2 protein chains.
Amino acid sequence: MSGLRLSPLDCTCFRIRGAARRVTQIYSKHLASTGLKISQFSLLGFVTAQGPVSIGRLSDLLATDRTTLTRNLGPLLKDGLIERAQSGDKRRHDLVATPAGRALFKRALPLWAAAEQEVRDAMGAKLTADLHGAIERSMEKLAAL
Amino acid sequence: MSGLRLSPLDCTCFRIRGAARRVTQIYSKHLASTGLKISQFSLLGFVTAQGPVSIGRLSDLLATDRTTLTRNLGPLLKDGLIERAQSGDKRRHDLVATPAGRALFKRALPLWAAAEQEVRDAMGAKLTADLHGAIERSMEKLAAL
DNA sequence: CGCGCTTGCGTGCATATACACATTTGCACT
DNA sequence: AGTGCAAATGTGTATATGCACGCAAGCGCG
């Protein structure tokens, strides 16, 4: 391996971050009318689906830093979309979606689907599969580091 | 196209953002001793390479929102790594790397290369090519939207 | 019981990201 | 010169991200 001269223009990090920005922009456009950002949509979706769940577990599911999740939860708590319930272990905060939260997620779902479809239609089935496959395999390989 | 039922778990945006977070983490580790974040490394590199360049042009090159760039420039200006020079057009601010900025970039370059190499070694040549190819083609397709 | 280690979380700080809006300058046309 | 539009940039506000640090609650053991 190695040997090839690498230019910062070939930076994998730079490229993937750029792609993330671009894709985020597209989803944001579709979700704008719900007031939800794409991260909030994912977060709300996981809480809705996973039932009572702790922050720590959520950070595993979402592959997001725990403290980042704490902040991201803020707006959703403030808007009454998610609530903190007391669990047996007083350290833990069981998160549950409120009726309003579930309703909003349900309303946002087709908008997300439209965004996802727009992206997939633009890329085509093969490229979509290639991209998803490459990302998934990369994450597996990079998990060890 | 379309027809397949999509679950939020298959969200392209969610996946690519997660990948970006993970990859960012790896590069950050390598660049930590320089005090540069990966975005700052890219930014400083572009300014160093492109000579005097305006914010607007940089935002095109980096595919980053112009106003984001304005903020990201802040720390680099504060640390004297990049300077604003007056150009003929007083609206524009020509950005140039200072000697300190160029020196730091030169010092950071091998550390970035080590990060890039670590990622590529972990993924292997084929997956690296697949990932880069998929991202590049995706960006082309999504540019139109 | 009480000591110490572990676990689960929040906070302070700094950066990254981008939309809407305001400001300044340049330029063309009258 | 004057007016009006376009171009280049900064700011207000809000979210996203994560490291270092601190705190409180559980847990094991003498």
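Quick note on labels: first sequence line is chain A, next is B, and so on, each numbered from 1. Not measured: the values here are computed from a predicted model.
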So, is [X] near the phosphate of [N], with a side-chain N or O under 4.0 Å from OP1 or OP2?
X	N	value
R66(B)	dA16(C)	no
T70(B)	dG10(D)	yes
S54(A)	dC9(C)	yes
R21(B)	dT17(D)	yes
N72(B)	dT17(C)	yes

Which nucleotide sits closest to the side chain of [X]: [options]?
X	options	answer
Q25(B)	dA16(D), dC19(D), dT17(C)	dC19(D)
T68(B)	dT17(C), dA16(D), dT24(C)	dT17(C)
P75(B)	dC19(C), dT15(C), dC13(C)	dT15(C)
R71(A)	dC19(D), dA18(C), dG12(C)	dG12(C)

Original post:
Between the two ends of the helix from dC1(C)-dG30(D) to dT30(C)-dA1(D), what is the bend in degrees, rounded to 10 degrees, where each end axis spans five pairs?
Top reply: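 Terminal axis comparison yields 0°.
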Original post:
Any link between L95(A) and L61(A) through a network of hydrophobic side chains (Ile, Leu, Val, Met, Phe, Trp, Tyr) touching at under 4.5 Å?
Top reply: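 Yes, because L95(A) and L61(A) connect within a single hydrophobic cluster, where side-chain heavy atoms sit under 4.5 Å apart.
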Original post:
Hey, is R137(B) close enough to D130(A) for a salt bridge, meaning N to O under 4.0 Å?
Top reply: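 A salt bridge links R137(B) with D130(A).
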**OP:** Run the salt-bridge test on E136(B) and K141(B) with the 4.0 Å N-O cut-off and return the result as yes or no.
**Re:**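 Looking at E136(B) and K141(B), the cut-off is not met.
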**OP:** For atom CZ of R57(B), decide whether the heavy atoms of other residues, nucleotides or ligands shown that lie under 6.0 angstrom number more than 12.
**Re:**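 Atom CZ in R57(B) is not packed in, count stays at 12 or less.
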**OP:** Take atom CG of L36(A) and atom C1' of dT15(D), then tell me their distance rounded to the nearest Å.
**Re:**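 These atoms are roughly 12 Å apart.
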**OP:** Just say parallel, tilted or perpendicular for the rings of F14(A) and F46(B), cut-offs at 30° and 60°.
**Re:**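 If you compare the ring of F14(A) with that of F46(B), the planes turn out tilted.
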